[in-house]
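Values in this document were obtained by computation on a predicted structure and should not be read as measured data. Proteins get letters first, then strands, A, B, ... in listed order; numbering begins at 1 in each.
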2 protein chains.
Amino acid sequence: MEEQIIDVLKKSQLSVTDSRRKILELFLQSDSAMAHHDIEIKAGEKFDRVTVYRTLQAFLDKGIIHTIPTPDNSVKYALCKDNCEQGHHHDDHIHFICKICGITTCLDEVHVPEIKLPRGYKTQQTEVVVSGICKECS
Amino acid sequence: MEEQIIDVLKKSQLSVTDSRRKILELFLQSDSAMAHHDIEIKAGEKFDRVTVYRTLQAFLDKGIIHTIPTPDNSVKYALCKDNCEQGHHHDDHIHFICKICGITTCLDEVHVPEIKLPRGYKTQQTEVVVSGICKECS
DNA sequence: CATATTTTGCAACACTGTTGCAAAATGTAG
DNA sequence: CTACATTTTGCAACAGTGTTGCAAAATATG
């Protein structure tokens with residue numbers, strides 16, 4: 001795990017610091033998306049709020065994580081799969097939010113459908129967020 | 001217009017006040033979704049920030065408007081079509097955000113596709129937000 | 001028109017996210 | 001391993017967003 005963390009950071013040309021190691025570890029350990037606040041709590045009081053913001057921003061810039069828009073408008077973050085490169089996300093999976101346990105997950109095996117738009121519109125990115133009841137809760 | 005506004009408010013069992021009239025008027029006049037901030041500005045200084053929040057919340061509760069989740073996590077609001085009732089939204093249209101002009105619109109004629117989820121997941125609601133270039137900007 | 005109810009504006013507050021800057025940590029090259 | 005340049009961190013301060021309690025004002029009702 002430790003090796004993998006350092007590997008990811010180096011590949012992204014990020015210097016290896018405590019906060020980046022810790023936060024990346026959280027992502028690797030978690031199988032669901034996390035809000036900024038979750039990360040702040042889980043990382044512990046050792047890290048400043050501002051550092052968490054900056055670390056997440058760095059990870060976003062480097063394509064290590066991606067954001068998930070949610071209907072209640074709380075930003076969540078999740079790891080990108082390895083087909084993402086710096087600045088170029090190739091996320092074509094949908095996101096699922098369980099209304100019971102509140103957990104947000106990437107359903108990597110479910111791809112976003114192609115949406116046919118009216119004449120004149122050009123699609124660049126499609127976000128699909130499904131809410132409902134997850135495997136565990138049903 | 002004035003008649004329509006009062007009609008909508010009465011049907012939703014909301015008392016007719018200046019702020020509700022004004023804000024509902026803004027929605028009826030606008031063909032794109034508005035952020036809280038936009039509404040605050042457009043409504044003018046006559047209305048308190050808090051009143052705008054409470055008015056939007058009332059409209060949401062009554063199913064007059066709905067929210068649109070955006071990738072940059074700014075909440076936007078748009079009118080519901082008349083097939084929405086109190087607390088029961090039947091929104092099955094997709095949303096479009098233009099990356100050039102920034103305008104968010106409901107594409108009422110484009111319906112959300114059915115997403116087939118893995119075993120165990122139950123869908124309750126599907127949100128589709130497409131980003132790209134709109135008719136006007138292309 | 002008088003009264004009960006609802007809504008508004010204000011003040012205060014908590015939370016979220018950003019910026020500038022000095023101190024600390026990291027990377028690099030000898 | 002050390003010294004130095006560069007990057008990152010923590011802190012303080014701030015702007016923006018959203019919420020709550022309460023008295024005053026507006027609205028609905030009979």
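A/Leu9 approaches A/Phe59 most closely through the heavy-atom pair CD2-CE1, 3.9 Å. Of all heavy-atom pairs spanning A/Val110 and B/Ile115, the tightest one is CG1-CG2, 3.7 Å.
Using a 4.0 Å heavy-atom distance criterion, B/Lys10 is classed as making no nucleic acid contact. Contacts of A/Arg20 with the nucleic acid, taken as non-hydrogen atoms under 4.0 Å apart, involve only primed sugar atoms and P, OP1 or OP2. Counting any heavy atom pair closer than 4.0 Å across all strands shown, A/Arg54 reaches a base atom.
A straight line from OH of B/Tyr53 to P of D/dT17 spans 6 Å, rounded to a whole angstrom. For A/Asp48 and C/dG17, the CG to P distance is 14 Å, given to the nearest whole Å. To the nearest angstrom, P of D/dA25 lies 15 Å from CG of B/Asp18. Summarising the geometry, the separation between NZ on A/Lys46 and C1' on D/dG10 is reported as 13 Å, rounded to the nearest angstrom. In this entry the distance linking NE2 of B/His36 with P of C/dT16 reads 18 Å, nearest Å. A/Lys62 has its NZ atom 14 Å from the C1' atom of D/dT8, to the nearest Å. Rounded to whole Å, atom C1' of C/dT8 lies 15 Å from atom CG of B/Leu56. Atoms CG (B/Leu14) and C1' (C/dT6) sit 11 Å apart, rounded to a whole Å.
Distance alone, capped at 3.5 Å, places no donor-acceptor pair between the B/Arg21 side chain and the B/Val16 backbone.
None of B/Ile41, B/Val75, B/Val52 except one satisfies the side chain to side chain contact (heavy atoms under 4.5 Å, CB included) rule with B/His36; the exception is B/Val52.
Nearest-nucleotide assignment on DNA chain D puts the 5′-proximal partner with B/Glu40, out of B/Arg21 and B/Glu40. Where A/Ser19 and B/Val75 meet DNA chain D, the nucleotide closest to each residue was compared, and A/Ser19 sits on the side nearer the 5' end. Checking B/Val50 against B/Ser15, the closest nucleotide of DNA chain C that is more toward the 5' end is the one next to B/Ser15.
A/Val129 places none of its side-chain heavy atoms less than 4.5 Å from the side chain of A/Thr70.
Put simply, A/Thr17 has no side-chain N or O that comes within less than 4.0 Å of OP1 or OP2 on C/dT26.
Between the side chain of B/Arg49 and the base of C/dG9, no donor-acceptor pair under 3.5 Å is found.
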